[in-house]
Colleague: 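Sharing a structure below in structure tokens format, with a few things to ask.
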Amino acid sequence: MSDVTILKFGGTSVADAAAFTRVVTIVRRLGGPQPVVVVSALAGMTDALFGGAAAAAHGDMAHARRIVDEQLDRHDAVGRSLLRGDAAVQFQHELDRARDELTGLLDGLAGRAGDPAALRDEVVSYGERLSGSLLTAALAAAGVPARAVDARRCIVTDEAYGRATPLPADTERHTQAQLAPLLGAGLVPVLGGYIAATLSGRTTTLGRGGSDYTAALVGAALDAREIQIWTDVSGVLTADPRVVPSARPIPRLSYAEAAELAYFGAKVLHPKTIEPATARRIPVRICNSLAPDDPGTVVAAEPAVWPGAVKAIAHKTGITVLQIASTRMLGAYGFLRALFDVFDRHRTVVDVVTTSEVSVSLTLEDARALPAIVSELRALGDVSIEPHRAIVCVVGEGLRTTPGIAARIFTTVQDINVSLISQGASRVNLTFVVAEDRVHEAVRRLHEACFERERASLGADADAPLGRAAS
Ligand code: ADP
Ligand code: ASP
Ligand code: MG
């Protein structure tokens, strides 16, 4: 283990000048002996740049330019408020260059010059490139010896623009080569998250919310002692706070619990973040940049097993359920392979699967290739499609040892039609599918049953484990 601490700041943590000032204070106070900073684009910047790219692709260059101008003006305002002298002038020049380059790229999208997915990644990469420069300058202005590092020289990926997969060995080698000399010289590297490059140097991105993943990849490459994810809530909460306002922070999660929650919709962590951290057993801490002294959530190897405890409820909308029924499945081998080959060919991820003797049900989030997939599946059996579904995922290491937990969960949502049920092999989750328009109700009711009702009746204090099952 090294002395490196990774501090990753999400978009809301760098939304404006006041937020940048908070970040500078956090890096100084909590960055440990060797901080490495990973930063997202300013809040709303990535969405805006995608909007600009779409406008350009539709031929509306005036709108695309307006979007770029608005966003660069925002950066300019932050720069003016935080930077002085040469640093201010240099940042102005960088913004001017960005404006010219972005205009060229948007023209390219409008004129259909080149692969639009590659051009889009190049356009949106300016979000993290500019926030990286701005944060480096803000840290330097406050006396922190920060150096901007282009993350595209560290994170190496395949060519799947928009959702690229890192090449682990190359990423580790490049990251170490870029960062070790800086760390050796006592400097604080600052990288944009989310952005990466192919081996031939073309810009790619890791999928929306991917800055968390960058932080984990860099943390693994440097064998960091901790990866801190700084966001706008005080840790991973017992449910999505936008659906359950009374959701509370969870003090500790195992890697498996955090991975399931992230995968099934807890937006606070990008789903791939946990994997590099688990491989090196690096603790991941989720903290609130608006309340830096709140304890947050620590994700680490030792699970806190509270018998019967549900730790959290995640949910994810926009799910399609497919059912494939075929008597050819009976006693035949090769059927499932033929079935999953279809999804492989269309590079479509299947989230949840259940099988019976004559049918398979599965869920997809990415429905782009659905028509082609369904037409190929028809060769294997009868196919039915249920769109507008949602996954609910109840998570807790204690689930594996708690008899009766499924009965409790399903009693709570008994009048809501459940179309598919699965208990993951990791046995830290129980997952089911409901109609999208009932999912908020299902999550609220489960939260009440698992966390609120019993806490009240047990008179639980704030430190007691949450969600203890009724005995
Ligand atoms: P950042 O910009 O810092 O990466 P995100 O918006 O990606 O922040 O993630 C933080 C948000 O995730 C929270 O503001 C919250 O609305 C949402 N969220 C959804 N589920 C959860 C959960 N279980 N715990 C905490 N936050 C959650
Ligand atoms: N800026 C990127 C996004 O909005 C990456 C991130 O914030 O993690 O998706
Ligand atoms: Mg995020």
Side-chain angles (χ1 to χ4, degrees), residues 7-15 19 22-23 26 38-51 71 120-121 123-132 151 155 162-164 191-196 204-217 228-251 253 257-273 284 286-291 294 296-297 299 310-317 391-396 439-440 443 446-447 450-451 466:
L7 297 96
K8 176 263 169 177
F9 296 93
T12 45
S13 301
V14 289
R22 280 193 294 273
V23 166
I26 290 168
V38 174
V39 63
S40 292
L42 271 59
M45 172 71 165
T46 309
D47 282 339
L49 289 174
F50 272 116
Q71 291 299 322
R120 247 191 328 265
D121 271 0
V123 167
V124 299
S125 75
Y126 280 84
E128 270 70 11
R129 286 155 67 181
L130 292 173
S131 65
I155 315 294
R163 50 171 175 173
L191 301 81
Y194 177 57
I195 62 174
T204 56
T205 58
L206 303 178
R208 295 305 306 270
S211 294
D212 302 331
Y213 191 23
T214 305
L217 291 166
Q228 299 176 354
I229 305 289
W230 289 89
T231 184
D232 61 349
V233 283
S234 292
V236 180
L237 309 182
T238 47
D240 185 334
R242 294 164 297 185
V243 174
V244 183
S246 58
R248 310 165 20 117
I250 307 160
L253 285 171
E257 289 170 331
E260 299 285 359
L261 286 172
Y263 194 73
F264 289 112
K267 188 188 170 219
V268 64
L269 277 181
H270 183 275
K272 292 182 184 162
T273 311
V284 179
I286 296 92
C287 315
N288 189 346
S289 66
L290 295 159
D294 280 3
T297 298
V299 181
V310 169
K311 289 267 192 70
I313 301 155
H315 72 282
K316 183 153 93 166
T317 52
I391 292 177
V392 178
C393 180
V394 179
V395 170
V439 70
H440 287 181
V443 171
L446 281 169
H447 194 269
C450 295
F451 301 107
L466 296 170

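Both ligands and their constituent atoms are indexed starting at 1 by order of listing. Being a predicted model, the structure only gives us computed values, none of them experimental. The basis for the numbers below is simple: all heavy atoms, side chains too, and nothing from hydrogens, waters or symmetry mates.
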Colleague: The test is side chain to side chain contact (heavy atoms under 4.5 Å, CB included); show your working for Glu260 and Lys311 and say whether it passes.
Modeller: CA-CA 11 Å; Glu260 299 285 359; Lys311 289 267 192 70; over 6 Å; no
Colleague: Of all the non-hydrogen atoms in the protein, which one sits nearest to atom 14 (O) of ligand 1, and at what distance?
Modeller: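 The answer is Asp232 OD1, 2.8 Å.
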Colleague: I'd like to know whether ligand 2 has Gly10 as a neighbour, heavy-atom separation below 4.0 Å.
Modeller: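 No.
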Colleague: Around atom 20 (N) of ligand 1, find the nearest protein heavy atom and jot down its residue, atom name and distance.
Modeller: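 Scanning the protein heavy atoms, the shortest distance from atom 20 (N) of ligand 1 goes to Asp240 CA, 3.5 Å.
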Colleague: Among all protein heavy atoms, pick out the one at the shortest distance from atom 4 (O) of ligand 2; state its residue, atom name and that distance to 0.1 Å.
Modeller: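 Here the closest protein heavy atom is Arg208 NH2, 2.9 Å.
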Colleague: I'd like to check which ligand 1 atoms, numbered from 1 as shown, lie under 4.0 Å from a non-hydrogen atom of Pro241.
Modeller: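 Heavy-atom distances to Pro241 below 4.0 Å select 15 (C), 16 (O), 18 (N), 21 (C), 26 (N), 27 (C).
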Colleague: Could you identify the single nearest non-hydrogen protein atom to atom 6 (C) of ligand 2 and state the distance to 0.1 Å?
Modeller: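 Result: Ser211 OG, 3.4 Å.
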Colleague: Does ligand 2 have an atom that lies less than 4.0 angstrom from a heavy atom of Gly11?
Modeller: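 False for this residue.
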Colleague: Rounded to the nearest 0.5 Å, what's the gap from CG on Leu237 to CD1 on Ile313? Could you check?
Modeller: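 Leu237 atom CG to Ile313 atom CD1 measures 12.0 Å (nearest 0.5 Å).
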Colleague: How far is atom 2 (O) of ligand 1 from its nearest protein heavy atom, and which residue and atom name does that atom have?
Modeller: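 Nearest protein contact, heavy atoms only, for atom 2 (O) of ligand 1 is Gly11 N, 3.2 Å.
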Colleague: Taking distance alone, with no angle check, do Thr46 and ligand 2 share an N/O pair under 3.5 Å?
Modeller: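 Yes, since at least one N or O of Thr46 sits under 3.5 Å from an N or O of ligand 2.
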Colleague: Quick one: which of Val268, Val243, Ile229 has a heavy atom closest to atom 9 (O) of ligand 1?
Modeller: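 Checking each option, the heavy atom nearest atom 9 (O) of ligand 1 is found in Val268.
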Colleague: Provide the number and element of each atom of ligand 1 under 4.0 Å from a heavy atom of Lys8.
Modeller: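 In order of numbering, the contacting atoms are 4 (O).
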Colleague: Provide, to 0.1 Å, the distance between atom 17 (C) of ligand 1 and the closest protein heavy atom, together with that atom's residue and name.
Modeller: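 So the nearest neighbour among protein heavy atoms is Arg242 NH2, 3.7 Å.
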Colleague: Verify side chain to side chain contact (heavy atoms under 4.5 Å, CB included) between Trp230 and Leu7, making sure each step is shown before the conclusion.
Modeller: CA-CA 7 Å; Trp230 289 89; Leu7 297 96; 3.8 Å; yes
Colleague: As an exercise, identify every atom of ligand 1 less than 4.0 angstrom from a heavy atom of Ala239.
Modeller: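 Within the 4.0 Å cut-off of Ala239, ligand 1 contributes 22 (C), 23 (N).
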Colleague: Can you tell me how far the CG atom of Asp232 sits from the OG atom of Ser13, to the nearest 0.5 Å?
Modeller: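 Asp232 atom CG to Ser13 atom OG measures 6.5 Å (nearest 0.5 Å).
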Colleague: Do Asp47 and Arg208 pass the side chain to side chain contact (heavy atoms under 4.5 Å, CB included) test, and can you show the C-alpha distance, the side-chain angles, and the key distance before you say yes or no?
Modeller: CA-CA 10 Å; Asp47 282 339; Arg208 295 305 306 270; 3.0 Å; yes
Colleague: At a 4.0 Å threshold, what atoms of ligand 2 neighbour a non-hydrogen atom of Glu128?
Modeller: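 Per the distance check, 1 (N), 2 (C), 5 (C).
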Colleague: Can you name the atoms of ligand 1, numbered from 1 with element, that are less than 4.0 Å from a heavy atom of Ala266?
Modeller: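 Listed by number with element, the hits are 20 (N), 23 (N).
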Colleague: Given Thr231, Thr238, Leu237, identify the one with the heavy atom nearest to atom 24 (N) of ligand 1.
Modeller: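 Shortest heavy-atom distance from atom 24 (N) of ligand 1: Leu237.
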Colleague: Rounded to the nearest 0.5 Å, what separates atom CD1 in Ile250 from atom CD in Glu257?
Modeller: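 Those atoms lie 8.0 Å apart.
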Colleague: With heavy-atom distances below 4.0 Å as the criterion, list the atoms of ligand 1 near Val236.
Modeller: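 Numbered from 1, ligand 1 contributes 24 (N).
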Colleague: Atom CD1 of Ile229 and atom OG of Ser211: how far apart are they, to the nearest 0.5 Å?
Modeller: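 Spacing of CD1 (Ile229) from OG (Ser211) equals 9.0 Å.
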Colleague: How about Thr204 and Asp121: does a side-chain donor come under 3.5 Å of a side-chain acceptor?
Modeller: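 Asp121 and Thr204 do not have a side-chain donor-acceptor pair below 3.5 Å.
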Colleague: Let me confirm one number: the OG1-NZ distance from Thr214 to Lys8, rounded to the nearest 0.5 Å.
Modeller: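 It is 9.0 Å, given to the nearest 0.5 Å.
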Colleague: Considering the heavy atoms of Gly235, write down every atom of ligand 1 situated less than 4.0 Å from one of them.
Modeller: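 It comes down to these atoms of ligand 1: 25 (C).
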Colleague: Students should be able to answer this: which protein heavy-atom is nearest to atom 7 (O) of ligand 2, and at what distance?
Modeller: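 Checked against all protein heavy atoms, atom 7 (O) of ligand 2 sits closest to Ser40 OG, 3.2 Å.
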Colleague: With rounding to the nearest 0.5 angstrom, report the OG to CG distance, Ser289 to Asp294.
Modeller: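 Reported value, rounded in 0.5 Å steps: 11.0 Å.
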Colleague: Does NZ or CZ of Lys316 lie under 6.0 Å from the centre of the six-membered ring of Tyr263, at an angle within 45° of the ring axis?
Modeller: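 Yes, Lys316 and Tyr263 form such a contact.
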Colleague: Against heavy atoms of Tyr194, which atoms of ligand 2 measure under 4.0 Å?
Modeller: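 Checking each atom against Tyr194, I get 2 (C), 5 (C).
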Colleague: At their closest point, which heavy atom of Ser234 faces which heavy atom of Asn288, and how far apart are they?
Modeller: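 It is OG-ND2, 3.1 Å.
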Colleague: Among all protein non-hydrogen atoms, which one is nearest to atom 5 (P) of ligand 1, and what is the separation to 0.1 Å?
Modeller: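 For atom 5 (P) of ligand 1, the nearest protein heavy atom is Lys267 NZ, 3.8 Å.
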Colleague: Anything under 30° is parallel, anything over 60° is perpendicular, the rest tilted; go ahead and classify His315 against His440.
Modeller: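 Judged by the thresholds at 30° and 60°, the geometry between His315 and His440 is perpendicular.
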